[in-house]
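Everything on this sheet refers to the single structure shown next.
Naming convention: chains lettered A, B, ... in sequence-line order (proteins, then strands); numbering from 1 in each chain. All values derive from a computational prediction rather than experimental measurement.
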There are 2 protein chains.
Amino acid sequence: MEKIGRKEREHLAHRGEILRAAEKVFAAKGFFQATMNEIAEAAEFGTGTLYKFFKSKEDLFFILIDEKTEEINGPVKDELLKKAPAIERIKNILRLQLEFIERNRDFFRIYASEGSRFEWKVMSSCGNQIHEKMVAYIHLLAQVMKQGMGEGKLKSMDPLDLAHAFEGIVHSFIFEWLISPESYPLISKAETILEIFLNGTEKKERRK
Amino acid sequence: MEKIGRKEREHLAHRGEILRAAEKVFAAKGFFQATMNEIAEAAEFGTGTLYKFFKSKEDLFFILIDEKTEEINGPVKDELLKKAPAIERIKNILRLQLEFIERNRDFFRIYASEGSRFEWKVMSSCGNQIHEKMVAYIHLLAQVMKQGMGEGKLKSMDPLDLAHAFEGIVHSFIFEWLISPESYPLISKAETILEIFLNGTEKKERRK
DNA sequence: TCATTTTGTGAATAGTCATTCATTTCTAAA
DNA sequence: TTTAGAAATGAATGACTATTCACAAAATGA
């Protein structure tokens, strides 16, 4: 449907290069300490050029976050369209998340270190928009938890609590992986995460 | 032992007032957007006065974090001196943490939103010092997990993994509590957290 | 080739703040 | 009351950097 000429393609490519450069710089220095000059330099453009593509520094930042967020949310939503038992879904979502982060180390650096939610609420309205998306995501997850309860596979608890607990565990493992000096595949932690989330950590007496 | 005259007492009181004001302002706006003027105003001092007490903005910030961190770490360490079964300890530490945060909403706002670890490593050496403390804390927790395994009460897993998972769950509940519009006692989530951490979320068939 | 439009540039601008320090206000001893 | 010293002040300084814009380069197409 969409016919795009060379011109447009080139424009998009440039935009992409800027975003990629911004991702690196923001990840390394954080929003406030990154300068537009640095980003421009990293992208091999003049400073003024950035403003041909993005309204402001904040704008650049939020668009970066927003697009990446969509990139991970898409596959997760696709997953939720398929009919599948809740526990299967949880496993798949976990895998998707870990794989995405593994491919986007820098992005999570930003996402985690920059304004873990709070600053965003303070910043431009765009910040709010991102916050909304995060809330929406958690609610999706809560839906899955509820489904699991309906299937009799998960204990009856507040589904939101479960969703938070799950994301909490996942995040802490991602954090650890991010700052760990040794490099290991993040996905290798999937089983541990699931084991803890589903079965807990207490050793049980053997069942009869 | 320590004789302190009125003078000194007053000096300490002023220092404390500045720290309290800083806590509020940093919590509301974040490190980079808080200004020294604002903090001074909130503390009802002149701008210059802050510099009689703290070398710089960074200095003020880190000292604030550091002192608060000690305030929570102290009781936790005391707890660890007592002889007690691991699971008992975990419960107590959880209670201590939740109670502390409940009394120090603003502090956790800062702690969580500001440089979840990464920025700190970039910043002054003081940032590193705080990072070290966080690592040390996790290792303490891991020790407790190991103890629990020794007692046959916890599954044999990497103790650090357990510690991370635990902190992950706790943090996510604190986050939620922080941004939640309804106000409820944070401590009320203790049972849920423990239940998930120890027993997991999967519904088990009745044991015989 | 030349005129026109599009795209890119980076020096100059303007605003923001951390920090300083000359001055004022307070304290208490004489 | 006087006065030396301590404590507090906030206007002025100096750095820094987001953003703009007059200009240059490149692309287009006649």
Side-chain angles (χ1 to χ4, degrees), chain A residues 4-26 28-65 110 114-115 119 122-124 126-127, chain B residues 4-26 28-65 110 114-115 119 122-124 126-127:
Chain A
I4 23 175
R6 183 177 55 73
K7 261 312 179 41
E8 224 154 333
R9 210 160 40 245
E10 212 161 60
H11 188 269
L12 274 202
H14 287 182
R15 199 185 107 108
E17 280 167 57
I18 294 173
L19 281 171
R20 240 171 295 135
E23 187 177 354
K24 272 207 201 71
V25 177
F26 281 137
K29 326 246 287 187
F31 178 78
F32 291 101
Q33 296 195 296
T35 71
M36 291 302 262
N37 270 316
E38 251 177 314
I39 295 173
E41 203 162 327
E44 300 180 80
F45 282 106
T47 319
T49 311
L50 302 205
Y51 289 87
K52 292 277 171 13
F53 291 85
F54 303 96
K55 210 167 68 272
S56 66
K57 187 183 178 187
E58 267 195 15
D59 196 50
L60 170 55
F61 182 75
F62 283 124
I63 286 179
L64 174 61
I65 303 270
I110 298 169
E114 219 57 58
E119 312 251 309
V122 173
M123 289 166 103
S124 78
C126 207
Chain B
I4 22 177
R6 185 176 56 70
K7 260 314 178 40
E8 225 152 334
R9 208 161 41 245
E10 212 161 61
H11 188 269
L12 273 202
H14 288 181
R15 199 185 107 107
E17 280 166 58
I18 293 173
L19 281 172
R20 241 171 294 135
E23 188 176 352
K24 271 208 201 72
V25 177
F26 280 136
K29 325 247 287 189
F31 178 78
F32 291 102
Q33 296 194 295
T35 70
M36 290 303 263
N37 269 316
E38 253 176 313
I39 295 173
E41 203 162 327
E44 299 180 82
F45 282 105
T47 319
T49 310
L50 303 204
Y51 289 87
K52 293 279 185 326
F53 290 84
F54 303 95
K55 210 165 70 273
S56 66
K57 187 184 179 187
E58 268 197 15
D59 196 51
L60 171 55
F61 182 74
F62 283 124
I63 286 178
L64 174 61
I65 303 269
I110 299 169
E114 219 58 59
E119 311 251 308
V122 173
M123 288 167 101
S124 77
C126 208

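Between the side chain of K57(A) and the backbone N or O of A34(A), at least one donor-acceptor pair lies under 3.5 Å. The main-chain N or O of T35(A) is found under 3.5 Å from a side-chain atom of E38(A) such that the two form a donor-acceptor pair.
Between the CZ atom of F31(B) and the C1' atom of dC17(C) there is a distance of 12 Å, given to the nearest Å. Here the C1' atom of nucleotide dG15(C) and the NZ atom of K57(A) are 14 Å apart, to the nearest Å. I18(A) places its CD1 atom 12 Å from the C1' atom of dT7(C), with the value rounded to the nearest Å. Atom OH in Y51(A) sits roughly 18 Å away from atom C1' in dT7(C) (whole-Å rounding). To the nearest angstrom, C1' of dT7(C) lies 15 Å from CG of L12(A). Separating the NZ atom of K52(B) from the P atom of dC21(C) is a distance of 11 Å, rounded to the nearest angstrom. With rounding to whole Å, R6(A) atom CZ is found 13 Å from dT7(C) atom C1'. Whole-Å rounding puts the E10(B) CD to dT27(C) P distance at 8 Å.
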Using a 3.5 Å cut-off and no angle test, enumerate the donor-acceptor pairs between side-chain atoms of residues 11-22 of chain B and protein atoms at least two apart in sequence or in another chain.
| unit_1 | atom_1 | unit_2 | atom_2 | d |
| --- | --- | --- | --- | --- |
| R15(B) | NH2 | E67(B) | OE1 | 3.2 |
| R15(B) | NH2 | E67(B) | OE2 | 2.1 |

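At the heavy-atom level, H14(A) lies under 4.0 Å from the strands shown only through sugar-phosphate atoms. Within 4.0 Å (heavy atoms only), T49(B) reaches at least one base atom of the nucleic acid.
Sorted by first and then second residue, the salt bridge (Lys or Arg N to Asp or Glu O under 4.0 Å) pairs with a member in residues 41-53 of chain A form an empty list; sequence neighbours excluded.
Within a heavy-atom distance below 4.0 Å of DNA chain D, the residues of residues 39-48 of chain B found are F45(B), G46(B), T47(B), G48(B).
Classified by interplanar angle (parallel below 30°, tilted 30° to 60°, perpendicular above 60°), the ring pair F53(B)/F45(B) is tilted.
Contact check for I110(A) versus F31(A): no side-chain heavy atoms found under the 4.5 Å cut-off.
For F54(A), there are no ring-ring contact (aromatic ring centres under 6.0 Å, His included) partners at least two apart in sequence or on another chain. R6(A) pairs by the salt bridge (charged side-chain N to carboxylate O under 4.0 Å, His left out) definition with E10(A), not counting sequence neighbours.
Taking a heavy-atom distance under 4.0 Å as the criterion, the stretch of DNA chain D touched by chain B extends 5' to 3' from dA8(D) to dG10(D).
The nearest pair of heavy atoms linking M36(A) to L50(A) is O-CD1, 3.7 Å.
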